[in-house]
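Notes follow once the structure below has been shown.
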Amino acid sequence: MQRRADDYLPLTAGFFEILLTLAEGEAHGYAIMRVVHERTGGRVRLLPGTMYRALDRLGERGLIVEASERPDSELDDQRRRYYRLTALGRAVASAEAERLAATVRFAEAARLLPGKRGLLAGKRAR
Amino acid sequence: MKIAGRDDAMPSPPYPLPVRLALALCAALLRSYPQRFRARHGRWMLQNAEDLLRREHRHGGLPGLAALTARLFSDLLLGAAAERLRPNRIPTSEPPRMLDALLQDLRFARRSMAARPVLSALAALTLALGIGASASMFSVLDRVMLRPLPYPDPERIVSIYTSIPEWRDNAYLGSFWDRAKWSHAEFAQWRERESAFAAAALVESTLATLTGRGEAARVAVGLASRELFSMLGAVPVRGRLLTAQDDELRAKVALVTYGFWQELMGGRDAAVGETVVLDDVPFTVVGVLADGFRIDGFPGRVWLPIFEDRPHGYFTGNTGELDHALRVIGRLAPGISPELAAEETGRLLASIGGEDHFTAHGANVVPRLLDETRRVRFPLLLLMAAVTLLLLVACANVATFLLGQAVDRRQEIAVRGALGAGGRRIARQLMTESLLLAGGGGALGLALAALGVRALTALAPANLPRLDLVELDLRAVAFAVLVSALCGLLFGLAPAVSLARTDPARSLGALRHGSLERSRLQSSMVVAEVALATVLLVGSGLLVRSFLRLNGVDPGFEPDRVLAVRTSPGAKDFVDSSGQYQGAARRAYDRAIMERLDAVPGVAAVTLAQTVPFSGGAANNNVTGEGYEGQHGWDTIADRRFVEPGYHEVMGIPLVSGRYLNADDARSDSGSVVVVSESLARTFFPDSEAVGRKLTWWGQDSLIVGVVGDVLDRDLAAGPELTFYTTLATFDQSGGTYLLRVEGDPDDLVHPVLEVLASVDPDVPVARIEPLSAMIAGSLAEARYRTRMVGVFAALAALLSVLGLYGVTARAVAGRTREIGIRVALGAEGGRVVGLVLRDGVALATAGAALGLGLSLAGTRVLSRLLYGVEPNDPATLAAIVLLVGGMAVVATLLPSLRASRIDPVTALRSD
């Protein structure tokens, strides 16, 4: 039974963050952790227990595959396992991104999001 | 160090020790993941953890590392739990949403409990017992010792004592060498120089006769420097607090408590400005303290400013400038620890003090809460420990029940598993049932706790501070909820895990066989239960024996035949024209009253004593014997008793040699004579007759005319004090308690005596009237309380473990019906079958009792300070408990074994 990308929506935040990270290219577990941590300004911190369960599920559903095992030149000489997005994974990630974008548009229409000026003013006030 | 769980031989780089420890923890946790998951991801997870830990150690140091380790711990643990509970079948339909699933679980749990109403009710009741007992005990503990005192920054409020190290080794003074009191002079000089306290105040309490407001009554009066009230954040609801002007004017002003204002002043606004008359001195009420103002240990309902020169009368008694009779409460300055404050205070006191042996050389600063609860802390913790054991027994009991039930339900679970319910779903279902049971038990327990709190406070001895505030409040409810949830998890976990692992194929095929593992778990639960109950029983047995010993101690007099009556006439009737108090006038008054009391039918004799046994009062002197040159120096202290002649006859204290005090001794011109106790005579005249020798005390010599038996009059558990007796008149002393020797029951005379007193002087309040035996019983109140409570908890625990043992044995018999049937068919007699079952039950109980005895021997040592005349490993008690547990085991297993003996082989073999 072939599933469509929409069947996987909505994704949990952790799943989406991982897919988002892998959309930029192959990465190993620690790299995913660091990228997600930095991108979210420290709000999302995936720890091994959580992350490998997510990677396991994503692999089971065919959204990612294990790419290769090789050392990361920037870390040390230990081998790491890299993960890569599958075509289905890429489709699911972009479907989720579109869903989120649509949600954001609705939020704007409902005047829940301030304009650019408002946003800056708000930041300064804080 | 080899890191467990690391599957391939990756060399372990030389990381710092904390990182390696954290990694070892992670590796250990990885072991709890399912094999499939671990094989696939374990290595990479560990490597990730390593990366994280190293980075954190570089950037965040040790604190960061600790925080990260904690987070990793919970992340990996939760991950493992989730992974383990994950169904390993591919879901055929969308799993139901969270709430729906929960509701479904709850509905199902209710149904399955309703299907076993007796068992469920019994389990819930058992839990209710445990939770109810612990919640009510917690309420008491919480209110008495955990809640902060009702002052701003309560942890900075401290009691300040002086300490006199020379007293430490003294038999008499040793117990309060570091809790000595202050004099006005010491306080004033110290206060001028000290810097460790933001505020400090002198405090004392006394009793006074209140007149002019209804019947004359004794009220508790507090005396304090005005700083006390602002220091404790007291707020007047009417009027004002004390001011500096009050001090300058030596004003006769008073603050009254809210309760006093409501009860005795009608709660009127106009109460401020009214006067209250205390011991005939009028004081103007200037303020009403807010409801809830209290300082435990100082029960004053009227508070007066304290002055070193006692300007306002007689009742302020012992507070002369140089008397060491005052206590001090202070507020530590910010940033100052009690130790630092004590150090400074001690140094100042040593430089202030005079040369006498009352000079303090140190100070002892104790937080108020600790100080107030110092006597009750240990007994209360002991009771809480006892109740916790009871709760554990209850949990183990319920777990046994549930495990047994789990055996019965294997088929049901297997069917559900075969129909596609995942392990997680089934485990959650079972946990829901346990939690529902715990919830029911908890709710019921709360109801029991409401009763329990009332019982605990009603029976409690009066020395528990804040007892009147104990109630089943939100904190206790929260405690009960928490405990219930924990219990639910505790006793729910084992059956849930055990059942969720059930393999459908095997259970459906081979019912009733191979439950060995589960029954072993059940058996160990029962063993644990019996062991815990044994510990409680041993503790209780020791306390009971100790209490009986204490109760049986001969105090050296005959308390059952003596009625103590204390009245409190005001001082004004006994002053002469110049305002000087006349002891002789008071003695004449007392003699007149005694004559009237003597005439009451049933009264055999009457006497008077300034302090009576077990009244809490005591007076003493440094003494020495004529020609004595032994090791007992000035610091030998003896109890001093001012009595009317006839005291020893009324009290029933036996004469050892010489004679009792007589009426001639009571003439003020007769020269001073004393009667001494046997132990005093022995101390100073070990080799010769004491009668005819002299006792030196109070700067003069008294002739010893008699030696009487030793008397225990403060603490039955302590040895006798050295005591000497002399007449009131010789030293112009007066007042005290009338002691009536009665024929028959002293209680019967209370009414006639009160009538006589009222006819003599209706304005004189009776402060106390009770048999001496009741006063002795009062001194045992605390021991009686803890003995009784631990006894109740132990009895409940024993009952529960009997139930548990019964349940397991009954179940075992049911499970072995077939086997027993075959045995009977092969010719086993009823007696043998009974023996078979009994043997198993008794074996469990024996294992439990042995374990319990071991635990007791290790644990009851802490009891030793509460025991009197019994060793914590008292063989008689231990033997009795072993017999008791054995008896319990026989009772619990008898019924099931009789049932086993009646098994009909034909039915048994056909049943499967």
**Report entry** Heavy-atom contacts under 4.5 Å, residues 24-43 of chain A to chain B
**Finding:** A:Gly29, A:Tyr30, A:Met33, A:Arg34

Report task. Go through the atoms of B:Arg71 and report whether side chain, backbone, both or neither lie under 4.5 Å from a heavy atom of chain A. Result -> both

Query - salt bridge (Lys or Arg N to Asp or Glu O under 4.0 Å) evaluation trace for B:Asp75 with A:Arg53 - result: CA-CA 11 Å; B:Asp75 174 66; A:Arg53 289 192 63 224; over 6 Å; no

Query raised in the report: Taking C-beta and beyond as the side chain, do B:Met45 and A:Leu47 meet within less than 4.5 Å on heavy atoms?
Result: no

**Report entry** 4.5 Å side-chain heavy-atom contact, A:Pro48 and B:Leu46
**Finding:** no

Query - Closest-packed option against chain B by number of heavy-atom pairs under 4.5 Å, given A:Arg57, A:Met51, A:Arg45 - result: A:Arg57

Query - From B:His41 atom NE2 to A:Leu55 atom CG, the distance as rounded to the nearest 0.5 Å - result: 7.0 Å

Report task. Just jot down the side-chain contact (heavy atoms from CB on, under 4.5 Å) partners of B:Gln35, sequence neighbours excluded, or say none. Result -> B:Arg38, B:Ala39

Query raised in the report: Any chance CZ of A:Arg84 has more than 12 other-residue heavy atoms, nucleotides or ligands included, within less than 6.0 Å?
Result: no

Query raised in the report: Hey, are the side chains of B:Trp44 and A:Glu69 touching, using non-hydrogen atoms and a 4.5 Å cut-off?
Result: yes

Report task. State plainly whether the residues A:Arg80 and B:Asp51 are in salt-bridge range, i.e. N to O under 4.0 Å. Result -> yes

Report task. Under 4.5 Å heavy-atom distance to chain A, tell me which part of B:Leu68 shows up: side chain, backbone, both or neither. Result -> side chain

Query raised in the report: Yes or no on salt bridge (Lys or Arg N to Asp or Glu O under 4.0 Å) for B:Arg40 and A:Glu60, after CA distance, side-chain angles and deciding distance?
Result: CA-CA 12 Å; B:Arg40 205 171 158 78; A:Glu60 252 179 18; over 6 Å; no

